[in-house]
Amino acid sequence: AANSRPEWMWILTAGSPPVAPVGSGRPTSFVAQASPQADDVRPAFARYRDMLEAEVLPRAMPDDRPGLVHLEDGAERYSGWIHLFTSLALTGEEVHEIGMAAVEANMRDASRIAREIYGSEGFADALAAAQADPAGEITSEAGYQGLLEQLVERSRELSAPVFERMPARPLVVTPLPAFQQGTGVSPHYVPGSGDRPGRFVFDPSTYREIAFSGAEVLAIHEGYPGHHLQSALTAEREAFHPAERLFSNAAYTEGWARYA
């Protein structure tokens, strides 16, 4: 189990990093360069751990009372955050009901589609059938990148008739730098600027952990009609005051991509 830890974590713990097998392709240069400085880093993390244990943990909420609503005026504060992010006068319960209704609708649609493809019944069977479909297996890092590139292009083509216009800025699929691969960095979108395209960044080393259906979700969320379409079109608009370009709203940006 210890050898399954990301290599960079060895600079924070006592001991030596595991030696990567020859030809494994795993990065070792970062660990090799950082290990001599580890003795300077570990004491700081130890002090941080001790502070969390001595000062934060005694004041933390118990596991059976998580969240803002259990604090004094928590419900009102929660509603204030909802208004800040959505501009709507909704309670937490109302937002929860909206979310649950959307999830149930998604599950019904997924079950219907899987019934047509696999003959499955119900959401659990639909999910199991999709995950077990051999046609959805990704067999290599290069295959993973090629699949994402195909999905980005197909989703771009399918999005074009639905929107009044598409962004001029292109989107490229880019692997994480080698030293970040396998460290838990999630796939993400990086907006372009100037002549630089938008970038859909992914971890090729995780190809064994994702199926075709998961790759589709990623490509749509990060690309078209998700973050790239949203961000690139916004950047092309000239009507904004310069100050407006400094701010963002997570409920909108992630809500758009999740809805996509």
Side-chain angles (χ1 to χ4, degrees), residues 25 102-103 105-120 123 125-178 180-193 195-236 250 252-260:
V103 169
N106 286 346
M107 293 172 67
R108 286 195 300 270
D109 284 344
S111 300
R112 174 184 55 79
I113 294 169
R115 184 167 55 250
E116 296 171 358
I117 297 174
Y118 301 114
S120 57
F123 181 76
D125 287 346
L127 188 61
Q131 291 176 337
D133 188 343
E137 184 179 4
I138 302 172
T139 59
S140 68
E141 294 185 1
Y144 187 14
Q145 178 161 354
L147 172 61
L148 291 176
E149 290 171 345
Q150 293 174 19
L151 290 170
V152 164
E153 179 58 24
R154 176 160 170 74
S155 60
R156 186 190 66 80
E157 293 173 353
L158 291 174
S159 297
V162 183
F163 293 87
E164 180 177 326
R165 66 188 181 92
M166 296 290 284
R169 188 182 305 279
L171 174 66
V172 295
V173 178
T174 307
L176 279 169
Q180 286 187 314
Q181 294 178 22
T183 64
V185 177
S186 299
H188 56 276
Y189 172 69
V190 180
S193 61
D195 295 332
R196 292 180 297 179
R199 291 186 292 134
F200 168 17
V201 184
F202 76 107
D203 186 344
S205 71
T206 61
Y207 73 91
R208 295 183 182 88
E209 304 165 15
I210 190 165
F212 181 90
S213 55
E216 281 189 311
V217 171
L218 283 177
I220 292 169
H221 179 96
E222 305 294 353
Y224 303 93
H227 284 313
H228 179 64
L229 183 143
Q230 170 196 45
S231 176
L233 279 181
T234 301
E236 291 175 9
Y252 167 62
T253 54
E254 290 303 329
W256 172 276
R258 183 66 187 89
Y259 181 77

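The analysis underlying the following values was restricted to heavy atoms, covering all of them including side chains, and did not include hydrogens, waters or symmetry mates. Because the structure is predicted, anything quoted here is derived from the model rather than measured.
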**Q** What is the minimum heavy-atom distance between G226 and W256, and which atoms define it?
**A**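 Of all heavy-atom pairs spanning G226 and W256, the closest is O-NE1, 3.5 Å.
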**Q** Any chance you could measure T253, atom OG1, to R258, atom CZ, to the nearest 0.5 Å?
**A**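 Interatomic distance, T253 OG1 to R258 CZ, rounded to 0.5 Å: 14.0 Å.
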**Q** Please round to the nearest 0.5 Å and tell me the distance separating atom CG of D195 and atom CZ of R169.
**A**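 That separation rounds to 8.0 Å.
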**Q** Compare every heavy atom of L151 with every heavy atom of A219, then report the nearest pair and how far apart it is.
**A**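 Closest approach of A219 to L151: CB-CB, 3.7 Å.
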**Q** Minimum heavy-atom separation for T206 and Y144, please, with both atom names.
**A** OG1-CE2, 3.8 Å
**Q** How close do E236 and A168 get, heavy atom to heavy atom, and via which atoms?
**A** OE2-N, 2.6 Å
**Q** Could you grab the distance from atom CZ of F123 to atom CZ of R115, nearest 0.5 Å is fine?
**A**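 Taking CZ in F123 and CZ in R115, the distance rounds to 13.5 Å.
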**Q** Roughly how far, to the nearest 0.5 Å, is CD of Q180 from CG of D203?
**A** 9.0 Å
**Q** Decide yes or no on side-chain contact (heavy atoms from CB on, under 4.5 Å) for L218 and I210, but give the supporting numbers first.
**A** CA-CA 10 Å; L218 283 177; I210 190 165; 3.5 Å; yes
**Q** For Y189, give me all partners under ring-ring contact (aromatic ring centres under 6.0 Å, His included), at least two apart in sequence or on another chain.
**A** H228
**Q** Would you say R196 and V172 make side-chain contact, with heavy atoms under 4.5 Å?
**A**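 A side-chain contact is absent here, since even the closest heavy-atom pair is not under 4.5 Å.
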**Q** Would you please name every residue forming a ring-ring contact (aromatic ring centres under 6.0 Å, His included) with F200, sequence neighbours left out?
**A** none
**Q** Return the set of residues passing side-chain hydrogen bond (donor to acceptor under 3.5 Å, both in side chains) with E254 (not counting sequence neighbours), or none when no residue passes.
**A** H221, H227
**Q** Out of curiosity, E222 CD to S155 OG, how far, rounded to the nearest 0.5 Å?
**A** 11.5 Å
**Q** Once salt bridge (charged side-chain N to carboxylate O under 4.0 Å, His left out) is applied, do any residues pair with R156, and if so which ones, sequence neighbours excluded?
**A** E153
**Q** Under 3.5 Å, sequence neighbours excluded: what are the donor-acceptor pairs made by side chains of residues 127-135?
**A**
residue	atom	partner	partner atom	Å
D133	OD1	A135	N	2.9
D133	OD2	Y118	OH	2.8

**Q** If you compare all heavy atoms of I138 against all heavy atoms of F212, which two are closest, and at what distance to 0.1 Å?
**A** CD1-N, 4.4 Å
**Q** Just to verify, what does E116 make a salt bridge (charged side-chain N to carboxylate O under 4.0 Å, His left out) with, not counting sequence neighbours?
**A**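 Once residues adjacent in sequence are excluded, the partners of E116 under the salt bridge (charged side-chain N to carboxylate O under 4.0 Å, His left out) criterion are R112.
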**Q** List the atom of A126, the atom of S111, and the distance in Å for their closest heavy-atom pair.
**A**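 Smallest interatomic distance, heavy atoms only, reads CB-CA, 4.3 Å.
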**Q** Could you tell me whether the side chains of Q145 and E149 share a donor-acceptor contact shorter than 3.5 Å?
**A** yes
